[in-house]
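A quick write-up on the structure given underneath.
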Amino acid sequence: MAIFSKKAKTEERPTFEVLPNHLGIIMDGNGRWAKKRGMPRTAGHKQGGQTFRTISQECADLGIKYVTFYAFSTENWKRPKEEIDTLMSLFKDYLLEAKRDFIKAGNNKIEFIGEREGIAQELLDLMDEAEAETASHTGTTVYLAINYGGRQEIVCAVNKLIKEGKDEVTEEDISENIYTVPECDLIIRPSGEQRLSNFLLWQAAYSEFWYSDVLWPDFSKQDLYSALRDFEKRNRRFGG
């Protein structure tokens, strides 16, 4: 299945009166999914990759403008080397497939957020090519957070402003210099955990949260629809 496939048939796709402009998804539970089946953690990541493909395309088909997927945090470097190598290999496979598929990718756009240090040059080159190939697209922007941390993102924004000669930094300054659009409307976290884990700290100031016990490899379109239905019912007051 391609990362960005042709638009799927919409006969069974529900309609929503309200959709998040920016949706954040923490792809959690791959390791536990594999352990429950007596499989290596790497198998969970591979299955989780398939789920990413399905859900990212469904978000695009629904018309969500921005979607950020938390794929690999700055803390994930502490994991076993074999697991890290598998994750990086999966990223490479995704990008190679995406590169072959950009001609029929429609109007979707991909951007990578996070630090580049520690990532292999071959993978960085593929990331740059993917961004360049879709830079002019105006449909759904899929942010893929690799080697990402929310605190790191804020620090990078502030350091950038200091280098530009700023003596004082405002909220607007930081909002204009973080990796993604500044407001995240809804954050989905499957797997039963109920924490942010250093994800979109600045953008999540007034985010709604939706949790599920479903492990990420089993997360389905129906689970996505459930989260979006719940979001429609929320009374968002933004502190007022």
Side-chain angles (χ1 to χ4, degrees), residues 20 22-32 41 44-45 48-49 51-52 55-56 66-92 94-95 110-121 123-124 126-128 130-131 141-164 166 169-211 215-216 219:
H22 182 191
L23 170 63
I25 300 179
I26 300 174
M27 299 187 289
D28 191 21
N30 293 336
R32 277 169 283 169
R41 288 175 62 89
H45 292 307
T51 302
F52 160 70
I55 298 302
S56 62
Y66 302 96
V67 188
T68 302
F69 289 90
Y70 202 9
F72 189 87
S73 75
T74 50
E75 292 81 12
N76 287 158
W77 292 109
K78 301 173 186 176
R79 293 184 177 185
K81 184 177 184 300
E82 179 185 2
E83 186 174 349
I84 293 172
D85 289 345
T86 296
L87 283 166
M88 293 302 165
S89 179
L90 284 172
F91 295 150
K92 178 181 175 181
Y94 298 157
L95 291 172
I110 188 166
E111 293 188 11
F112 297 90
I113 62 173
E115 288 295 292
R116 295 169 67 92
E117 185 177 354
I119 300 176
Q121 189 60 49
L123 185 54
L124 291 174
L126 287 171
M127 290 161 62
D128 291 342
E131 290 184 333
T141 297
V142 175
Y143 294 110
L144 193 56
I146 299 177
N147 198 17
Y148 170 88
R151 290 179 175 178
Q152 161 223 67
E153 178 179 23
I154 296 169
V155 169
C156 286
V158 172
N159 283 333
K160 179 181 176 184
L161 291 162
I162 291 172
K163 288 180 181 178
E164 292 174 356
K166 280 276 187 178
V169 175
T170 66
E171 289 187 15
E172 184 178 13
D173 289 332
I174 294 176
S175 292
E176 290 176 351
N177 285 276
I178 53 176
Y179 299 141
T180 75
V181 292
E183 303 297 334
C184 185
D185 303 294
L186 173 64
I187 292 177
I188 293 173
R189 181 162 192 164
S191 85
E193 304 294 347
Q194 298 185 16
R195 55 179 179 268
L196 265 178
S197 297
N198 203 16
F199 179 57
L200 299 183
L201 297 183
W202 186 266
Q203 298 90 326
Y206 291 103
S207 293
E208 300 293 322
F209 294 87
W210 190 86
Y211 302 108
L215 300 175
W216 176 248
F219 192 87

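For reference, positions follow the sequence shown, starting with 1. Model, not experiment: these values are computed from the prediction.
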Ile187/Ile25 under side-chain contact (heavy atoms from CB on, under 4.5 Å): CA gap, chis, key distance, verdict: CA-CA 6 Å; Ile187 292 177; Ile25 300 179; over 6 Å; no

Are side-chain heavy atoms of [X] and [Y] found at a separation under 4.5 Å?
{"X": "Ile119", "Y": "Phe91", "value": "no"}
{"X": "Asn30", "Y": "Leu215", "value": "no"}
{"X": "Ile188", "Y": "Leu23", "value": "yes"}
{"X": "Thr180", "Y": "Ile113", "value": "yes"}
{"X": "Thr51", "Y": "Met27", "value": "no"}
{"X": "Glu111", "Y": "Leu144", "value": "no"}
{"X": "Asn198", "Y": "Glu75", "value": "yes"}
{"X": "Val67", "Y": "Thr141", "value": "no"}

Donor on one side chain, acceptor on other, Thr74 and Glu115, under 3.5 Å: no

Asp185-His22 side chain donor-acceptor pair, cut-off 3.5 Å: no

Please identify each residue that fulfils salt bridge (charged side-chain N to carboxylate O under 4.0 Å, His left out) with [X], with sequence neighbours left out.
{"X": "Asp28", "value": "Arg32, Arg189"}
{"X": "Arg116", "value": "Asp128"}
{"X": "Arg41", "value": "Glu83"}
{"X": "Lys92", "value": "Glu122"}

side-chain contact (heavy atoms from CB on, under 4.5 Å) evaluation trace for Tyr211 with Ser191: CA-CA 8 Å; Tyr211 302 108; Ser191 85; over 6 Å; no

Heavy-atom donor-acceptor pair, [X] side chain to [Y] backbone, under 3.5 Å:
{"X": "Asn177", "Y": "Ile174", "result": "no"}
{"X": "Glu164", "Y": "Leu161", "result": "no"}
{"X": "Glu131", "Y": "Phe112", "result": "yes"}

Sequence-distant partners of [X], side-chain hydrogen bond (donor to acceptor under 3.5 Å, both in side chains), two or more places apart:
{"X": "Ser207", "result": "none"}
{"X": "Lys81", "result": "Asp85"}
{"X": "Glu183", "result": "none"}
{"X": "Arg195", "result": "Glu193"}

To the closest 0.5 Å, what do you measure between [atom1] ([X]) and [atom2] ([Y])?
{"X": "Arg79", "Y": "Ser73", "atom1": "CZ", "atom2": "OG", "result": "7.0 Å"}
{"X": "Asn76", "Y": "Leu87", "atom1": "CG", "atom2": "CG", "result": "7.5 Å"}
{"X": "Leu123", "Y": "Ser89", "atom1": "CG", "atom2": "OG", "result": "9.5 Å"}

Which atom of Trp216 lies closest to which atom of Gly48, heavy atoms considered: NE1-O, 3.0 Å

Under the ring pair (Phe, Tyr, Trp, His ring centres under 6.0 Å) test, residues paired with Phe72 that sit two or more places apart: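 So Phe72 forms a ring pair (Phe, Tyr, Trp, His ring centres under 6.0 Å) with Trp77.
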
Ring pair (Phe, Tyr, Trp, His ring centres under 6.0 Å) against Phe69, all qualifying residues, sequence neighbours excluded: Phe52

Residue pairs passing the ring-ring contact (aromatic ring centres under 6.0 Å, His included) test where at least one lies in residues 185-204, sequence neighbours excluded: Tyr70-Phe199

Salt bridge (Lys or Arg N to Asp or Glu O under 4.0 Å) contacts in which one or both residues fall within residues 171-182, not counting sequence neighbours: Lys166-Asp173

